[in-house]
Amino acid sequence: MPELPEVETVRIGLAKWVTGRTIATAEVHHPRAIRRHLPGDVHFNAVLTGRTILDVSRRGKYLWLPLDSGDAIIAHLGMSGQLLMQPATAEDEKHLRVRFTFTDGGPQLRFVDQRTFGGLSVSEGGAELPGEISHIARDPMDPLFDDDAFSARLRGRHTEIKRALLDQSLISGVGNIYADEALWRAKLHGTRPTDKLTRPAVGRVLGHVRDVLAEAIRAGGTSFDELYVNVNGESGYFDRSLNAYGREGEPCHRCGAPIRRESFMNRSSFSCPRCQPRPR
DNA sequence: ACGAAGACCTGGATGC
DNA sequence: TGCATCCAGGTCTTCG
C-alpha cells in the first residue's frame, strides 16, 4: 500500500520523467478517477492541454504537479494507484484510468488504478500548495515539521496513539504498515492513550517513525531508471525488513513471542504481545 | 471542536 | 467447479 516512502519513490521517478514537458492531451478513461475534479473530464483535458509541468511536489501521501498556468495537478494513489511512464506503443493496462500525452511525443504518463480509491484533479491556482490538501499536516521528513507543536497537539488529544499516527491532519505520510512498525520499535501498544504519553515518549515514537520511513525510502528507491516511475505501489524491498506488519504468529525479532493480530478500524494491527503490552 | 463509524472499490484467497 | 464471503485500507463524509 502506498504510504510516504512509496509515494516519495514515485515523486522522484516522476520528477525525472515529466518535469519541463508540455501536456498535449489528458484523456480520462474512467470518470471515478477524476471524481474530485468537479468540472468533469472535458474541462480536465481543456485546462491541462498546452500546460507545462514545472515540478513534482509531495505532502504526506499526496502529490501535486505545479504547472506554468499557476494551477496544479493533484494525485493520490489511494490503495492501488500507479503512475507509470509508458511508450505510446505500449498496450493499455487493464485498469488504465487517465492517460497524458506530451507535445514532444515521448513517453506517456498513465494513471492505472485497480480499486479506484485514488484519483487526479486540477487545483486552480494551487501550484504553491493546493487548497484541497492544505489540511494535510507536514510529514515528519519535512524540514519544517515542528516536533514540539506535534507533541503538544498529540498529548492534547484524547485518542489512541495509533489512531493519532494515522491522522493525516496531525502527522502525514504514515499508514497502517509504518504505524505498526514504528510502534513495534517504540515498544508501545497502539491503543496507548495519547494524553498519557510523556513528551520524551512522543519524541521516541517520532524518532522511530522517521527511522522506519527513511529506511523504507532507501529500500524503495531502487531501479526506477527504466520507463517506470515505481514498480507496483508496494513497499519495494522493505517488506523483508518488517518486524510486525503481516507477521501474525511469527516470532518477534526482539523477544521471540508470536506476533499478535488485532482488529482495528476494520483492518488489522500487528504487535508483539510481550514487548507491546496492552494498556490497562 | 473532536472522535468514531460508515462508505467507497476490486480481485485474490478462502470456505462450502 | 462454482458460487458466496472475506479481506486489504486511505480518505472523505456523516453522525454524535
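The chains referred to below are lettered A, B, ... by the order of the sequence lines, with proteins before strands, and numbering in each begins at 1. The model shown is predicted, which means the values in this text are computed figures rather than measured ones.
If you measure from atom CG of A/D113 to atom P of B/dC9, you get 12 Å, rounded to the nearest angstrom. In this entry the distance linking NE2 of A/H135 with P of C/dT11 reads 8 Å, nearest Å. For A/L77 and B/dT10, the CG to P distance is 18 Å, given to the nearest whole Å. Rounded to whole Å, the distance from CD on A/Q114 to P on C/dG10 is 15 Å. One interatomic measurement links the two molecules: CG of A/D167 to C1' of C/dG10, which rounds to 12 Å at whole-angstrom precision. Rounding to whole angstrom units, CD of residue A/Q168 and P of B/dA4 are separated by 16 Å. Residue A/R35 contributes atom CZ, which lies 10 Å from atom P of C/dC12 at whole-angstrom precision. Atom CG of A/L4 is separated from atom P of C/dT11 by 11 Å (rounded to the nearest Å).
Residue contacts shown for A/H30 are absent, as no nucleic acid heavy atom lies under 4.0 Å away. Using a 4.0 Å heavy-atom criterion, one finds that A/R261 contacts the sugar-phosphate atoms exclusively. Residue contacts for A/F264: at a heavy-atom cut-off of 4.0 Å it reaches no nucleic acid atom on any strand shown.
Electrostatic pairing of A/D195 and A/R155 does not count as a salt bridge here, judged by no charged N lying under 4.0 Å from a carboxylate O.
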- Task: Might you work through the side chain to side chain donor-acceptor pair (under 3.5 Å) test for A/E93 and A/Q82, ending with a clear yes or no?
- Result: CA-CA 11 Å; A/E93 291 77 7; A/Q82 299 170 260; over 6 Å; no

- Worked verdict on A/V122 versus A/I74 for side-chain contact (heavy atoms from CB on, under 4.5 Å): CA-CA 6 Å; A/V122 177; A/I74 302 176; over 6 Å; no

- Task: Apply side-chain contact (heavy atoms from CB on, under 4.5 Å) to the pair A/K162 and A/L188, showing each step before the final yes or no.
- Result: CA-CA 9 Å; A/K162 182 163 177 183; A/L188 291 177; over 6 Å; no

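The number of heavy-atom neighbours closer than 6.0 Å to CZ of A/R254, taken from other residues, nucleotides and ligands shown, is above 12.
Mapped onto DNA chain C by nearest heavy atom, A/Y62 and A/F270 fall at different nucleotides, with A/F270 at the one closer to the 5' end.
Which of C/dG10, B/dC2, B/dC9 sits closest to the side chain of A/R157 comes down to B/dC2.
Distance check: A/L67 CG to A/L65 CG gives 7.0 Å after rounding to the nearest 0.5 Å.
Side-chain N or O atoms of A/D113 include none that pairs as donor or acceptor with a backbone N or O of A/H95 at under 3.5 Å.
In this structure, A/H158 does not reach the B/dC2 phosphate: none of its side-chain N or O atoms is under 4.0 Å from OP1 or OP2. Taking side-chain N and O atoms only, A/T159 has a distance below 4.0 Å to OP1 or OP2 of B/dA4. For B/dT10, the OP1/OP2 oxygens have no side-chain nitrogen or oxygen of A/K94 closer than 4.0 Å.
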Could you list the protein-to-nucleotides 5-8 of chain B atom pairs, N/O on both sides, closer than 3.5 Å?
unit_1 : atom_1 : unit_2 : atom_2 : d
B/dC8  : O3'    : A/R32  : NH1    : 3.0

Which protein N or O atoms sit under 3.5 Å from an N or O of nucleotides 13-16 of chain C?
none

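A cation-pi arrangement, defined by a distance under 6.0 Å to the six-membered ring centre and an angle within 45 degrees of its axis, is absent between A/R247 and A/W184. Remark: A/R21 qualifies as a cation-pi partner of A/F102 under the 6.0 Å distance and 45° angle criteria applied to the six-membered ring.
For the salt bridge (charged side-chain N to carboxylate O under 4.0 Å, His left out) test with A/D139, the passing option among A/K61, A/R11, A/R58 is A/R58; the others fail.
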